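Just below is one structure, and these are the notes that go with it.
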Amino acid sequence: MKRLAIIILAVLLCGAAIYTSSRSNQPEPETEEPETIHYTDMSGDYLFIQNLGETERMADSLRDYLGDDSIQIQTSVPEEAVYYAESLWDPAQAAPFFSDRVYCVEAWDIYKNGEFQKTSYLAGRI
């Protein structure tokens with residue numbers, strides 16, 4: 001019994017050492033910083049924060065809805081793009097809007113006076 005306990009401890013310690021070692025050898029993934037826009041007017045203080053996770057979800061759901069992995073989807077909508085904004089994301093409503101093969105999507109969290117208001121979904125075409 002004692003021998004079994006020592007073997008289990010050795011396996012656990014070696015496994016933890018290997019795990020720690022392999023984690024420390026991996027390069028840190030590059031994290032993209034979300035864009036922020038801040039402005040104040042007579043009605044209050046506004047902060048727009050790009051929601052990167054929701055933007056990726058939008059791209060994935062649009063790709064799944066269209067059923068074509070070869071479609072190019074950019075996770076930012078350029079200023080010169082023709083786009084529309086929605087309060088709810090539905091790829092079925094966004095797909096007919098596009099006529100080209102390059103899609104653009106973005107999600108933004110909107111705060112007013114420090115209080116979350118809503119997430120705005122932008123979709124566009126180039």
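Every value quoted in this text rests on a predicted model; they were computed, and no experiment measured them.
- Once rounded to the nearest 0.5 Å, the distance linking OG1 of Thr75 with CZ of Arg57 reads 14.5 Å.
- A 4.5 Å side-chain heavy-atom check between Asn51 and Trp108 finds every atom pair outside the cut-off.
- Looking at Val77 and Val105, their side chains never come closer than 4.5 Å, going by heavy atoms from C-beta outward.
- For the atom pair Asn113 CG and Leu47 CG, the distance stands at 11.0 Å (nearest 0.5 Å).
- Between the CD1 atom in Ile37 and the CD1 atom in Ile49 there is a gap of 10.5 Å [rounded to 0.5 Å].
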**OP:** Would you check, one step at a time, whether the test side-chain contact (heavy atoms from CB on, under 4.5 Å) holds for Thr36 with Phe48?
**Re:** CA-CA 6 Å; Thr36 60; Phe48 294 78; over 6 Å; no

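- Residues Tyr121 and Glu106 bring no donor and acceptor atom of their side chains to less than 3.5 Å of each other.
- Scanning all heavy atoms of the two residues, the minimum distance from Ser120 to Ile110 falls at CB-CD1, 3.8 Å.
- Closest heavy-atom contact between Lys112 and Ser43: CE-O, 3.2 Å.
- In terms of the ring-ring contact (aromatic ring centres under 6.0 Å, His included) criterion, residue partners of Tyr46 (sequence neighbours excluded) are, by chain and number, Tyr39.
- When all heavy atoms are compared, the tightest approach of Leu52 to Pro34 is CD1-N, 3.9 Å.
- Partners of Thr40 according to the side chain to side chain contact (heavy atoms under 4.5 Å, CB included) rule, which considers only residues two or more places apart in sequence or in another chain, are His38, Asp45.
- Taking CD of Gln117 as the start and CG of Asp109 as the end, the distance is 11.5 Å to the nearest 0.5 Å.
- Here the straight-line distance linking atom OG of Ser76 with atom CD of Gln50 works out to 7.5 Å at 0.5 Å rounding.
- In terms of modelled atom types and a separation under 3.5 Å, the side chain of Gln74 and the main chain of Gln72 share no donor-acceptor contact.
- Here the closest non-hydrogen pair linking Ala85 and Leu122 is CB-CD2, 3.4 Å.
- Side-chain atoms of Asp41 come within 3.5 Å of backbone N or O of Gly44 as a donor-acceptor pair.
- Looking at residues two or more places apart in sequence or on another chain, you find a side chain to side chain contact (heavy atoms under 4.5 Å, CB included) between Ser61 and Trp89, Pro91.
- Within the 4.5 Å cutoff, no side-chain heavy atoms of Ile71 are placed close to those of Arg63.
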